[in-house]
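Some notes on the structure that comes next.
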Amino acid sequence: MPYWFEPKQVSLSIGGRNITIETGRMAKQSAGAAVVTLDNSVVLVTVNTAKPRAGIDFFPLTVDFVEKTSAAGKIPGGFFKREARLSDREILVCRFIDRSIRPLFAKGFRDEVQVTATVLAADGKNPPDMCAFYGASAALTLSGLPFNGPIGALRVAKIDGELVANPGYEEQERATLELMVAGSREALVMVEGGAREASEAELLEALQFGHREMQPLIEAQHQLAEQTGAPRPAAPPAPEAPGDLEAQVQALAGERMQEAVRITEKRARYEALRSIEDAALEELCTAYRNAPAELNSLAAVEQRQQGLRELVKNAKEALHALRSKLMRARILGEQVRIDGRSPRDIRSIFCEVRPLPRAHGVALFTRGETQALVYTTLGSSDDAQTIDALHARTQKHFLLHYNFPPFSVGEVRPLRGPSRRDIGHGNLAERALLPVIPDRESFPYTVRVVSEVLESNGSSSMATICGATLALMDAGVPLEAPVAGIAMGLIEEDGQRVVLSDILGDEDHLGDMDFKVAGTQRGITALQMDIKIPAIDWKVMEQALEQAREGRLHILECMARDSAEILPGFAARAQLSDWAPRMEVIRIKPDRIRDVIGPGGRVIRGIQEMSGAKVEVDDSGRVSIFAPDVEALNRAQAMVDELTQEAELEKLYTGKVRRITDFGAFVEIFPGTDGLVHISHLAEGRVERVADVVAEGDEILVKCIDIDPSGKIRLSRREALAEALAGAE
């Protein structure tokens with residue numbers, strides 16, 4: 001074996017599944033690489049870096065998760081037969097990893113970092129996303145980068161009343177609660193998941209379970225780092241501001257900024273702060289330019305220009321730090337927030353149902369300076385989205401798409417389709433609503449919800465959930481319960497802490513936690529949490545959940561109040577919109593499917609052409625009729641009923657005589673179904689010859705008097721006439 005080929009590995013078991021983390025065998029030219037195996041699912045994760053770009057003022061981290069179909073023994077669909085852009089599911093895994101590891105890099109670190117997770121083997125039983133996370137943490141720990149890890153992660157599910165760690169695909173289908181949690185030895189750093197109206201206590205129990213069960217993963221990564229001799233990186237030195245820059249910024253902008261941060265309206269506040277910061281920068285730059293300097297060479301001139309660029313960069317950072325310091329101090333010291341609210345106050349809410357014509361369902365939800373216009377569109381099963389995942393191909397009948405155009409925050413930038421953020425926020429809202437969407441048996445439509453964010457100043461994803469609830473009700477979707485969402489925040493410093501309800505964008509940016517909770521009156525259906533400080537006490541988490549419950553109930557009350565005129569009782573419309581298509585599902589016996597489809601599909605095509613409706617039949621005998629209006633629906637349903645109806649005892653029929661014999665007449669009571677009228681049941685008294693009473697082609701009234709086990713039908717003309725005569729009298 002070559003000297004450089006010395007793989008190291010650690011193994012452990014979680015939830016009854018074997019996990020192995022290995023390094024030194026694959027992708028050895030990367031700064032860090034790890035191969036993670038969970039039973040027979042395998043993921044390779046690599047970490048690579050590049051020097052920072054000149055003038056960059058943020059941490060350029062990129063995380064990619066790629067599911068190769070060859071790993072599952074499949075060939076990709078489509079024309080090109082190769083993997084293309086990342087799917088929504090892959091992007092959601094990228095976001096989960098990114099949001100967990102990003103806060104753990106040293107402050108001021110600006111190197112470009114790329115984390116790439118590639119699925120090498122997929123066994124169809126175990127989701128590979130957890131392997132990707134373990135590999136990302138391990139590879140970063142081995143890379144020598146200033147990463148404050150390792151960290152662990154776990155998928156927590158509640159199945160049959162018991163909490164389970166890292167369930168497989170089959171187990172997930174039975175789960176009433178499912179969370180993805182990431183954390184360090186001390187605390188959780190990221191949470192995302194959903195539940196079927198779980199209580200706050202249930203959720204807290206699941207979070208604590210997840211944090212406890214992930215500890216062996218963290219310890220295993222420490223062991224792997226010791227085996228490989230990976231050095232613990234030192235944090236990069238914090239950028240030093242030249243001279244007394246912070247004091248200068250305080251003197252130039254402190255007093256005016258103290259007044260500006262008290263302006264409650266976002267646009268006015270931003271304009272005031274921008275004016276103050278521009279003035280401070282101009283004064284600092286002017287002083288720098290006017291300072292005496294030796295400019296007797298090209299090198300000296302270039303050094304002077306570089307110094308000016310560094311001054312501007314450091315001054316901007318100092319001004320931003322001053323703004324955050326003043327806002328945080330006011331919240332902690334005065335219990336007064338940026339817009340003048342107390343910590344528990346919810347911004348004013350206004351809801352409007354059906355503000356626009358034509359849509360199947362539409363609602364406008366406004367909370368403070370955040371506004372979402374949400375549409376609901378109903379479609380047939382043909383409109384369902386096909387999800388071609390590694391483990392299975394499935395149909396998705398409830399879709400929620402979230403759009404965040406630049407004008408919603410007064411910006412100018414090109415429209416380039418949904419971003420990773422858009423996909424993540426849409427998934428959170430979809431997860432929140434999915435538990436209350438009716439099943440396909442009771443509501444057989446494909447449902448698409450689209451949220452157009454028109455204004456944003458804090459938690460447009462939660463506004464999307466509220467607006468979607470109203471738009472779904474307006475479309476006539478019978479939700480099991482209305483859903484609302486709220487975003488919580490935290491300011492914690494020097495032993496003081498304040499939990500904030502319904503946070504603004506600035507409070508999210510300068511705060512220490514972003515905790516989004518959605519649910520019904522009965523319980524929680526979705527949550528997402530990002531923590532920006534090393535640890536949060538469980539009591540703080542408990543307080544945030546309880547405060548979120550209070551806020552959620554308040555928002556639901558506001559939604560009920562504002563929609564009372566159009567949605568009485570805060571429930572879905574009894575009738576679908578006039579613009580909405582109509583759909584009906586009927587059941588037929590499987591042995592009658594051929595009657596509806598006909599030879600080569602001629603019958604079903606004829607029904608669709610004559611009625612204007614779309615008819616679908618599956619192998620179980622479920623017939624779905626999808627029509628543009630009620631008339632077309634009724635026509636198609638009547639035609640299907642006629643083809644598949646069954647004879648009923650004691651019922652009268654007008655039938656056509658198809659054939660006569662010596663012992664009776666065969667009468668077709670409806671297409672494809674004949675019965676025998678025995679000669680003794682043709683008329684009162686004795687009948688010598690069948691032909692004396694009926695002839696082939698005659699239409700006669702008959703009554704069904706018997707259906708034997710083999711399905712043979714006996715009819716009576718005599719009893720039908722007697723019954724008709726009695727009814728006439």
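Of the inter-residue distances, the one linking Tyr134 atom OH with Ile21 atom CD1 reads 8.5 Å to the nearest 0.5 angstrom.
Contact check on Asp339 versus Arg347 returns no salt bridge, with no Lys/Arg side-chain nitrogen under 4.0 Å from an Asp/Glu carboxylate oxygen. A salt bridge links Arg89 to Glu67: at least one charged side-chain nitrogen sits closer than 4.0 Å to a carboxylate oxygen. Salt-bridge check for Asp514 with Lys516: passed, with a basic side-chain N closer than 4.0 Å to an acidic carboxylate O. One finds no salt bridge joining Arg337 and Asp506 here, because no Lys/Arg side-chain nitrogen approaches an Asp/Glu carboxylate oxygen to under 4.0 Å.
Ring-plane geometry between Tyr402 and His425 is classed as tilted, the angle between the planes lying from 30 to 60 degrees on a 0 to 90 degree scale.
Listed by chain and residue number, nothing satisfies the salt bridge (charged side-chain N to carboxylate O under 4.0 Å, His left out) test with Glu90 (two or more places apart in sequence, or in another chain). Not counting sequence neighbours, the partners of Arg155 by the salt bridge (charged side-chain N to carboxylate O under 4.0 Å, His left out) test are Asp129, Glu178. Every residue two or more places apart in sequence or in another chain that forms a side-chain contact (heavy atoms from CB on, under 4.5 Å) with Asp537 is listed here: Arg497, Lys539, Val540.
Counting heavy atoms of neighbouring residues, nucleotides and ligands inside a 6.0 Å radius, atom CZ of Phe80 does not exceed 12 of them. Annotation for Arg267: atom CZ does not count as buried by contact number, only 12 or fewer foreign heavy atoms lying within 6.0 Å.
In this structure a side-chain-to-backbone donor-acceptor pair under 3.5 Å is present from Arg328 to Glu492.
Checked against His320 for a side-chain hydrogen bond (donor to acceptor under 3.5 Å, both in side chains), the options Lys325, Glu277, His509 give a single hit: His509.
For the pair Asp278/Glu282, no side-chain contact is recorded, criterion being any heavy-atom separation below 4.5 Å from C-beta on.
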